[in-house]
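Notes for the one structure printed next.
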Amino acid sequence: MATWFIFVASLFLVYLDCCSGSFIGVCYGRSADDLPTPDKVSQLVQLHKIKYLRIYDSNIQVLKAFANTGVELMIGIPNSDLMPFAQFQSNADTWLKNSILPYYPATKITYITVGAEVTENPNNASSFVVPAMTNVLTALKKVGLHRRIKVSSTHSLGVLSRSFPPSAGAFNSSHAHFLKPMLEFLADNQSPFMIDIYPYYAYRDSPNKVSLDYALFESSSEVIDPNTGLLYTNMFDSQIDAIYFALNALSFRTIKVMVTETGWPSKGSPKETAATADNAQTYNTNLIRHVINNTGTPEKPGEELNVYVFSLFNENRKPGLESERNWGLFYPDQTSVYNLDFTGRGSVDMTKGANATKSNGTSWCIASSKTPQIDLQNAVDWACGPGNVDCTAIQPSQPCFEPDNLVSHASYAFNSYYQQNGASDIACSFGGTGVKVDKDPSYDKCIYMRAG
């Protein structure tokens, strides 16, 4: 699918900068052999002002790449490492000393996930989870970081035996041997219960029971919980509340829920008819609106709910159906798979020539002179690289090299991208550094492109 517009994750994070409450993060999975280097990923993330990122291990190159960026990382201890972490405190101590402390606090680490969806793993390692969490926490306490870095573990919705109606939410009793001590750990340490929630799968597997609109936050009708009278207009809220009711049933009323994965695939196998870019765009746009508005859920109205969207890139080495390799917001070449409006006002039309915010052809896009130099440089690097702008004109001895300053060079690059991509508002964002003007910025022999 052709992509024409810059992915504007910056907009929703501008909201986060000025407001307290819920945040949106992004999962950075690396099950692929064609992804950009961590340094380039760091540039991409900074360009879009993404400030919350989840990775699934403690890869040193990734940790180095995000040093001094301000991006908050959730890092992971894979299931394959749970046994050694659980068996010996020294293993947790050594890991922290060698893999984390050399990069902290330059690299901002705020969460450590110990294991991921262990109940779904064929080699069930659930008995190691709490001992490993305890040893990691002890290691953090030894260096005084236990209040700055929270320890938890992620789960699939399969950890519940019932999720509908939400008020009947209950944990699967077969997991009780590790769930109860884990919940006690979370409550004692003010750590969140981390859940991966995918309404897509609920719809795909039961299309006769779940409507697509309900899964996409688009339903015009409501589902009533007969026990509480609460009204649900989307499956996401229903599943979150099922977790809260399950926690309440075990008297864990202080634990907050965090969504560590959710999203929608943009492409699937022939039988996965709902896996389309339009549906992915709709789901994530509505999700973002829901989160940044601090809507909460029917059971927890206005409650903070932090959510990570899966995933930053399409990952070509993921096993399974075609959809498994197409959850990305970006292609490996760093162009966007589809466009999102992170202001929460609605989705952007992807049809070329039909964008509702398209300019009438009498505007240009230039760089804001108030933008920090590093942000401008990141934006220029993106435009002249993954953005596919021909930046020859701003090279030495070329028509637009003078005046030799970053604002002037960025303005030329921004406008070229803007005009090449439909002259839409979204194509002049550049992380909030672009500004639309109605006066032609061309000068001398430096001619700024104009659409049409």
Side-chain angles (χ1 to χ4, degrees), residues 1-3 5 7 9 12 24-36 41 44 50 53-56 116-117 120 154-158 195-219 234-236 238-240 259-291 307-342 347-351:
M1 179 182 297
T3 55
F5 307 109
F7 184 82
F12 82 96
I24 287 277
V26 180
C27 299
Y28 171 24
R30 303 195 312 281
S31 296
D33 55 21
D34 56 356
L35 296 184
V41 173
L44 181 72
I50 296 171
L53 204 67
R54 178 188 175 191
I55 63 174
Y56 293 81
E117 297 190 354
E120 302 296 314
T154 69
H155 308 277
S156 76
L157 198 65
I195 188 76
D196 298 341
I197 285 184
Y198 287 104
Y200 167 74
Y201 289 126
Y203 171 76
R204 186 194 70 179
D205 297 340
S206 302
N208 295 327
K209 295 181 180 179
V210 178
S211 76
L212 182 59
D213 285 349
Y214 189 65
L216 292 173
F217 295 86
E218 293 276 284
S219 179
N234 65 81
M235 175 161 281
F236 181 86
S238 175
Q239 293 178 334
I240 294 292
V259 178
T260 39
E261 285 184 14
T262 192
W264 199 280
S266 61
K267 182 181 178 183
S269 64
K271 292 184 178 180
E272 296 179 291
T273 57
T276 68
D278 284 345
N279 285 342
Q281 182 185 44
T282 297
Y283 179 83
N284 283 328
T285 296
N286 288 335
L287 169 76
I288 290 162
R289 178 193 299 122
H290 198 60
V291 172
V307 176
Y308 288 79
V309 175
F310 186 85
S311 179
L312 194 61
F313 295 105
N314 283 341
E315 299 172 71
N316 66 2
R317 295 185 66 184
K318 284 273 191 176
L321 296 174
E322 182 69 13
S323 62
E324 292 301 314
R325 294 173 286 283
N326 289 280
W327 290 83
L329 305 178
F330 291 96
Y331 292 109
D333 67 0
Q334 302 179 63
T335 57
S336 57
V337 176
Y338 50 86
N339 302 294
L340 293 178
D341 174 8
F342 281 96
S347 60
V348 177
D349 192 340
M350 295 176 64
T351 307

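With a 4.5 Å cut-off on side-chain heavy atoms, Lys318 and Arg325 count as touching. Side chains of Ser31 and Tyr56 form no contact here, defined as non-hydrogen atoms less than 4.5 Å apart. Residues Leu212 and Tyr200 fail the side-chain proximity criterion, which asks for heavy atoms closer than 4.5 Å. Counting heavy atoms from C-beta on, the side chains of Ser323 and Lys267 never come closer than 4.5 Å. Side-chain contact check for Asp33 versus Arg317: some heavy-atom pair is nearer than 4.5 Å. Between Phe217 and Thr282, every side-chain heavy-atom pair lies at or beyond the 4.5 Å cut-off. Using a 4.5 Å cut-off on side-chain heavy atoms (C-beta onward), Ile197 and Phe236 make contact. Taking the side chain as every heavy atom from C-beta outward, Phe313 and Leu329 never approach each other to under 4.5 Å.
Look at Glu272 and Arg204 and you find a salt bridge, because one of the NZ, NE, NH1 or NH2 atoms lies within 4.0 Å of a carboxylate O, short of that distance. Between Glu261 and Arg54, at least one side-chain N (NZ, or NE/NH1/NH2) sits under 4.0 Å from a carboxylate O, which counts as a salt bridge.
For the pair Ser311 (side chain) and Cys27 (backbone), a donor-acceptor distance under 3.5 Å is present. Side chain of Asn279 to backbone of Ala274: a donor-acceptor contact under 3.5 angstrom is found. Listed for the Asn314 side chain is a donor-acceptor partner under 3.5 Å among the backbone atoms of Gly328.
In terms of heavy atoms, Glu322 sits closest to Ser269 at CB-N, 3.4 Å. What you find for Ala215 and Pro199 is that their closest heavy atoms are O-CB, 3.9 Å.
Taking the six-membered ring where tryptophan is involved, the planes of Tyr198 and Phe310 are perpendicular, since the angle between them exceeds 60° and thus also 30°.
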**Study point:** Derivation of the side-chain contact (heavy atoms from CB on, under 4.5 Å) call for Tyr214 and Ser238
**Key:** CA-CA 10 Å; Tyr214 189 65; Ser238 175; 3.7 Å; yes

Practice item. Please test Ile195 against Thr260 for side-chain contact (heavy atoms from CB on, under 4.5 Å), starting from the C-alpha separation and ending with a verdict. Key: CA-CA 6 Å; Ile195 188 76; Thr260 39; 5.7 Å; no

Check your understanding: Should Asp196 and Thr262 be marked as a side-chain contact (heavy atoms from CB on, under 4.5 Å) after you check the CA-CA gap, both sets of side-chain angles, and the distance that decides it?
Key -> CA-CA 6 Å; Asp196 298 341; Thr262 192; over 6 Å; no

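Between the CD atom of Glu315 and the CG atom of Leu35 there is a distance of 6.5 Å, given to the nearest 0.5 Å. For the atom pair Leu44 CG and Leu312 CG, the distance stands at 6.0 Å (nearest 0.5 Å). Put simply, NE2 on His290 and CG on Asn234 are 5.0 Å apart, with the number rounded to the nearest 0.5 Å.
The residue from Asn284, Ile50, Val259, Val291 that alone fulfils the side-chain contact (heavy atoms from CB on, under 4.5 Å) condition with Ile24 is Val291. None of Trp264, Tyr201, Tyr283 except one satisfies the ring pair (Phe, Tyr, Trp, His ring centres under 6.0 Å) rule with Trp327; the exception is Tyr201.
Remark: the Asp333 side chain and the Thr335 side chain contain an N/O donor-acceptor pair separated by less than 3.5 Å. Residues Glu120 and Ser156 bring a donor and an acceptor atom of their side chains to less than 3.5 Å of each other.
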